[in-house]
Amino acid sequence: MKKIERGMAFVDEKMDIFKCPVCGGSFEKIVGRSANCLKGHQFDFSKKGTLYFLKHGVKSDYDDAKMWQARRSVLRAGLFKPIIDEITDQLPKNKSLRIVDVGCGEGSTLKYVEEQRANKQDAYVGFDISKRAINLATQDEGAGFFCIADLAQLPFASASFDVVLDMFSPSAYEEFDRILKSEGFLFKIIPNENYLIELRHMLYEKNDSHYSYSNDKVLSLFKKHYPHANVKRITYEFSLSNTSFENLLYMTPLHWGAAAEKIDAALEKGLEKITIDVLLLMVENN
């Protein structure tokens with residue numbers, strides 16, 4: 001089956017997941033190679049089987065092919081494996097789930113969740129604002145459906161997902177609450193102060209704001225919305241033996257503001273391992 005056929009089949013079978021970002025209405029049918037809502041707004045499938053739901057063009061620093069390729073290499077080497085394992089361990093084992101990955105990037109996280117939950121008949125949706133990332137995500141032969149969408153106005157129906165997964169991405173908590181089913185789960189990952197600390201210290205001086213990191217504002221806002229959330233710290237050292245330090249450096253936005261000489265020096269020196277230090281924020285929607 002071609003990618004466009006696979007994408008069209010997913011939307012046709014699970015049309016109740018989606019809503020029109022223009023009028024907010026339900027999708028009615030697929031005509032030709034387009035998904036149409038009840039009021040006739042039309043969204044064309046790309047050759048890769050994706051849908052473009054943005055109502056306006058978006059320019060983003062994240063639409064960087066080198067960054068996404070580097071990120072795929074490091075993630076496929078297992079950079080976030082212990083984090084995702086912790087999340088999948090929390091998921092119900094006895095039923096099929098509809099799972100959405102917020103800011104899914106090049107799709108590695110969603111693919112790994114799918115592999116961990118093989119034979120569960122789950123439905124997987126990933127979205128991002130980066131077209132390059134979404135195109136890369138479609139290269140896998142997984143079951144996930146990918147689209148380009150706006151976090152602030154999600155093209156998904158209310159109560160359409162059992163799980164909302166947010167790995168290091170911005171959040172729109174009102175929208176998360178809207179699309180999450182009753183008894184659904186929200187998992188959000190945010191960095192802790194020691195996240196990638198070796199890289200930070202290689203690229204920046206002590207007086208630079210990027211040298212250290214605090215998640216106080218992000219954590220405070222999350223707790224304001226979800227005061228009864230469970231919080232778990234996950235920390236470990238990850239060996240770079242199965243990938244490269246260069247990929248690690250270019251997979252994160254940390255290199256964007258670094259001086260060229262700092263980047264060159266870091267690439268020359270390299271690292272054998274890197275510290276992962278995050279908080280897993282968990283909410284069950286009652």
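Please read all numbers here as calculations on a predicted model, not as lab measurements.
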Compute whether any side-chain donor of one residue and acceptor of the other, for [X] and [Y], lie under 3.5 angstrom apart.
X    : Y    : value
S214 : D216 : yes
N247 : S244 : yes
K48  : Q139 : no
S108 : E106 : yes
D44  : Q42  : yes

How long is the straight-line distance from [atom2] of [Y] back to [atom1] of [X], given to the nearest 0.5 Å?
X    : Y    : atom1 : atom2 : result
M202 : I197 : CE    : CD1   : 13.0 Å
S158 : K19  : OG    : NZ    : 6.5 Å
W68  : S130 : CH2   : OG    : 5.5 Å
M8   : M1   : CE    : CE    : 10.5 Å
E114 : T109 : CD    : OG1   : 12.5 Å
L279 : I190 : CG    : CD1   : 5.0 Å

Heavy-atom closest pair, residues [X] and [Y]:
X    : Y    : answer
E183 : E284 : O-OE2, 4.2 Å
T252 : H255 : O-ND1, 2.7 Å
G49  : F45  : O-CD2, 4.0 Å
I148 : K131 : CG1-CA, 4.2 Å
K47  : K3   : O-CB, 3.9 Å
A266 : L203 : CB-CD2, 4.0 Å

Treating [X] as the side-chain partner and [Y] as the backbone partner, does any N or O pair qualify as donor plus acceptor under 3.5 Å?
X    : Y    : result
D208 : H210 : yes
Y204 : L254 : yes
E175 : L154 : yes
N215 : P191 : yes
R71  : A133 : no
S96  : K120 : yes
T50  : S46  : no
S73  : A70  : no
S220 : K217 : no
S169 : V102 : yes

Ring geometry between F53 and F43 (parallel below 30°, tilted from 30 to 60°, perpendicular above 60°): tilted

Ring geometry between F10 and F18 (parallel below 30°, tilted from 30 to 60°, perpendicular above 60°): perpendicular

Passing candidate, salt bridge (Lys or Arg N to Asp or Glu O under 4.0 Å) with E86, options K232, R233, K81: K232

Under a 4.5 Å cut-off applied to non-hydrogen side-chain atoms, are [X] and [Y] in contact?
X    : Y    : result
M282 : F187 : yes
E246 : L267 : yes
L97  : L91  : yes
L248 : L240 : yes
I134 : C104 : yes

Verdict with reasoning, H41 to C23, per side-chain contact (heavy atoms from CB on, under 4.5 Å): CA-CA 8 Å; H41 297 117; C23 67; 3.6 Å; yes

Does atom [atom1] of [X] have more than 12 heavy-atom neighbours, drawn from other residues, nucleotides or ligands, at distances under 6.0 Å?
X   : atom1 : value
K93 : NZ    : yes
R33 : CZ    : no
K14 : NZ    : yes

Verdict with reasoning, K111 to E141, per salt bridge (Lys or Arg N to Asp or Glu O under 4.0 Å): CA-CA 9 Å; K111 177 65 175 174; E141 294 299 317; over 6 Å; no

Verdict with supporting geometry, I17 and M15, side-chain contact (heavy atoms from CB on, under 4.5 Å): CA-CA 5 Å; I17 285 179; M15 199 167 289; over 6 Å; no

Worked check of side-chain contact (heavy atoms from CB on, under 4.5 Å) between L199 and F245: CA-CA 10 Å; L199 185 58; F245 172 74; 3.9 Å; yes

Residue from D101, I84, V125, D140 passing side chain to side chain contact (heavy atoms under 4.5 Å, CB included) with L110: D101

Indicate, with yes or no, if [Y] and [X] share a hydrophobic cluster defined by side-chain heavy-atom contacts under 4.5 Å among Ile, Leu, Val, Met, Phe, Trp and Tyr.
X    : Y    : result
F156 : M167 : no
L165 : L79  : yes
F176 : V231 : yes

Summary of salt bridge (Lys or Arg N to Asp or Glu O under 4.0 Å) pairs that have at least one residue in residues 144-167, sequence neighbours excluded: D162-K181, D166-K188

Audit row: E28, K39, salt bridge (Lys or Arg N to Asp or Glu O under 4.0 Å) steps and yes/no: CA-CA 9 Å; E28 179 185 27; K39 292 188 177 180; over 6 Å; no

Side chain to side chain contact (heavy atoms under 4.5 Å, CB included) partners of L180, counting only residues at least two apart: V164, L186, N285

Salt-bridge contact K95-D122 (side-chain N to carboxylate O under 4.0 Å): no

F146-F127 aromatic ring centre distance below 6.0 Å: no

is_close_aromatic(Y124, F145), centroid dist under 6.0 Å: no

Stepwise side-chain hydrogen bond (donor to acceptor under 3.5 Å, both in side chains) check, Y236 with D277: CA-CA 7 Å; Y236 54 92; D277 180 21; over 6 Å; no

Pair Y195-T275, side-chain contact (heavy atoms from CB on, under 4.5 Å): steps then yes or no: CA-CA 6 Å; Y195 179 69; T275 297; over 6 Å; no

K223 to Y226, cation-pi by 6.0 Å centre distance and 45° axis angle: no

Listed once per pair and sorted, the ring pair (Phe, Tyr, Trp, His ring centres under 6.0 Å) pairs that draw on residues 69-104, sequence neighbours left out: F80-F168

